[in-house]
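Okay, structure first, notes after.
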Amino acid sequence: MFSVPDFIIINGAKNQIFKIPISGYFIPEEARVVLKKKNTMRNRYNLINVLATCMLAIILMSTFSGCKKISETIEEVWEGYWAGVFDLGEGWQVELNGDRATYVTSGTTKVGTNVGDSFAIGMELIGNNKWRGYIREKNGFGFLGLGTAEIIDNKLKITPDGAVPYTINKGVKSTGTGGTGGGIGSTAQVLLDQKVEGEKGDQRIFKVTVPTGVKQMEIKTTEVAGVYYFNLADLFVKRGSDPTVKLTPQYSWIADWHSVESNRADEVISITNPPAGVYHIMLYGYNSYFISQLVVKIVK
């Protein structure tokens, strides 16, 4: 008796083999008729076996209301490859998602590293479980630079161009609020989360009101998801009035706090026990066009 297969085997890109489950898919009436005829004539018409199998595959790949497309299942398989949480050590974790990876759990203090910062960006598949893009060197706490990443046996092997390779193990995402440093923690209240864009010389100013009783405040710019290489604005903050900047006779500013990191590095300002009031935040295009994600968080 003819039986419906449990899987369809598809040879995908890079010679990767996908075994797609089809149990639970709706089998249209046309396929049932073919299968019934096969059952009664299997000894006389072997050719019908081939035709029925082909027809079944074609029908399953067609779009039917209420049915899940096989193409969608294949996409889910691909999307699951660059994914997962990995342990950097010392309490730090990174999570792979889309074409990037970010620090999601903080541990012992690492200067210039915070939860939410980019660990890897612009990762593109170049081989079997192998990607290339911008990724951190120095065991995950150095600068972003070109390199490759490969997932092998629940391990993520990082090979930065011109730097020492390292390997980190797959882990389980911590549900805590973080360690003693490196980020404001998952219990923070978000006051502002906005994409900001400007030309060279533009000053984009935002105001947030900080209530009494706040223990920690973090103001941060990072690269916008899916838009890389343009997190180039400098960050200035002043309580009660707008910051000011000038370029001559030299680059200078009047602000209570500032962050002017080079190139595409995240700009981060952390304020402990900030006084209540209105904080004026400026993103300034020092020497180029910029696109940044501005996020302001507080913890009471």
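Note that the numbering runs from 1 along the sequence shown for the chain.
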Is any side-chain heavy atom of [X] closer than 4.5 Å to a side-chain heavy atom of [Y]?
X: Asp117; Y: Arg136; value: yes
X: Lys238; Y: Ile205; value: no
X: Arg132; Y: Glu124; value: no
X: Leu125; Y: Trp82; value: no
X: Leu192; Y: Val295; value: no
X: Arg100; Y: Ser118; value: yes
X: Asn154; Y: Phe86; value: no

Determine, using the 4.5 Å side-chain heavy-atom cutoff (strictly less than), whether Ile219 and Val260 are members of one ILVMFWY cluster.
no
ILVMFWY network linking Val210 to Val190, side-chain heavy atoms under 4.5 angstrom
no
Strictly by modelled atom types, are [X] and [Y] linked by a side-chain donor-acceptor pair under 3.5 Å?
X: Glu267; Y: Thr221; result: no
X: Gln293; Y: Thr222; result: no
X: Asn129; Y: Glu150; result: no

What's the separation between atom [atom1] in [X] and atom [atom2] in [Y], rounded to the nearest 0.5 Å?
X: Thr159; Y: Leu146; atom1: OG1; atom2: CG; result: 13.0 Å
X: Asp202; Y: Tyr289; atom1: CG; atom2: OH; result: 10.5 Å
X: Gln93; Y: Phe119; atom1: CD; atom2: CZ; result: 12.5 Å
X: Leu235; Y: Leu294; atom1: CG; atom2: CG; result: 7.0 Å
X: Arg204; Y: Leu283; atom1: CZ; atom2: CG; result: 9.5 Å
X: Leu96; Y: Ile151; atom1: CG; atom2: CD1; result: 5.5 Å

Mutual orientation of the aromatic rings belonging to Trp253 and His258 [parallel < 30°, tilted 30-60°, perpendicular > 60°]:
tilted
Between Lys170 and Asp153, is there a side-chain N and carboxylate O pair less than 4.0 Å apart?
no
Charged N to carboxylate O under 4.0 angstrom, Lys207 versus Asp242?
no
Compare every heavy atom of [Y] with every heavy atom of [X], then report the nearest pair and how far apart it is.
X: Pro160; Y: Pro165; value: CD-CA, 4.0 Å
X: Thr212; Y: Ala276; value: CG2-CB, 3.6 Å
X: Ile158; Y: Ala149; value: CD1-CB, 3.9 Å
X: Phe290; Y: Tyr284; value: CE2-C, 4.2 Å
X: Lys138; Y: Tyr166; value: N-CE2, 4.5 Å
X: Lys300; Y: Gln189; value: CE-OE1, 4.3 Å

Tell me which one of Ile298, Val278, Val237, Val296 satisfies side-chain contact (heavy atoms from CB on, under 4.5 Å) with Val208.
Val296
Glu218/Val268 under side-chain contact (heavy atoms from CB on, under 4.5 Å): CA gap, chis, key distance, verdict:
CA-CA 7 Å; Glu218 181 184 82; Val268 182; 4.2 Å; yes
Greater than 12 external heavy atoms within 6.0 Å of Asp256's CG
yes
Residues, nucleotides or ligands: over 12 heavy atoms within 6.0 Å of Asp193 CG:
yes
Let me see the working for Trp92 and Phe141 under side-chain contact (heavy atoms from CB on, under 4.5 Å), right down to the final yes or no.
CA-CA 10 Å; Trp92 286 85; Phe141 298 103; 3.7 Å; yes
How far apart are the C-alpha atoms of Tyr134 and Phe143, what are their side-chain angles, what is the distance that settles it, and do they pass the side-chain contact (heavy atoms from CB on, under 4.5 Å) test?
CA-CA 9 Å; Tyr134 289 87; Phe143 291 110; over 6 Å; no
Measure from the side-chain N and O atoms of Asp234 to the backbone N and O of Tyr286, and report whether any donor-acceptor pair falls under 3.5 Å.
no
side-chain contact (heavy atoms from CB on, under 4.5 Å) evaluation trace for Ser270 with Met217
CA-CA 6 Å; Ser270 295; Met217 177 180 182; over 6 Å; no
Tell me whether the centres of the aromatic rings in Phe236 and Trp257 are closer together than 6.0 Å.
no
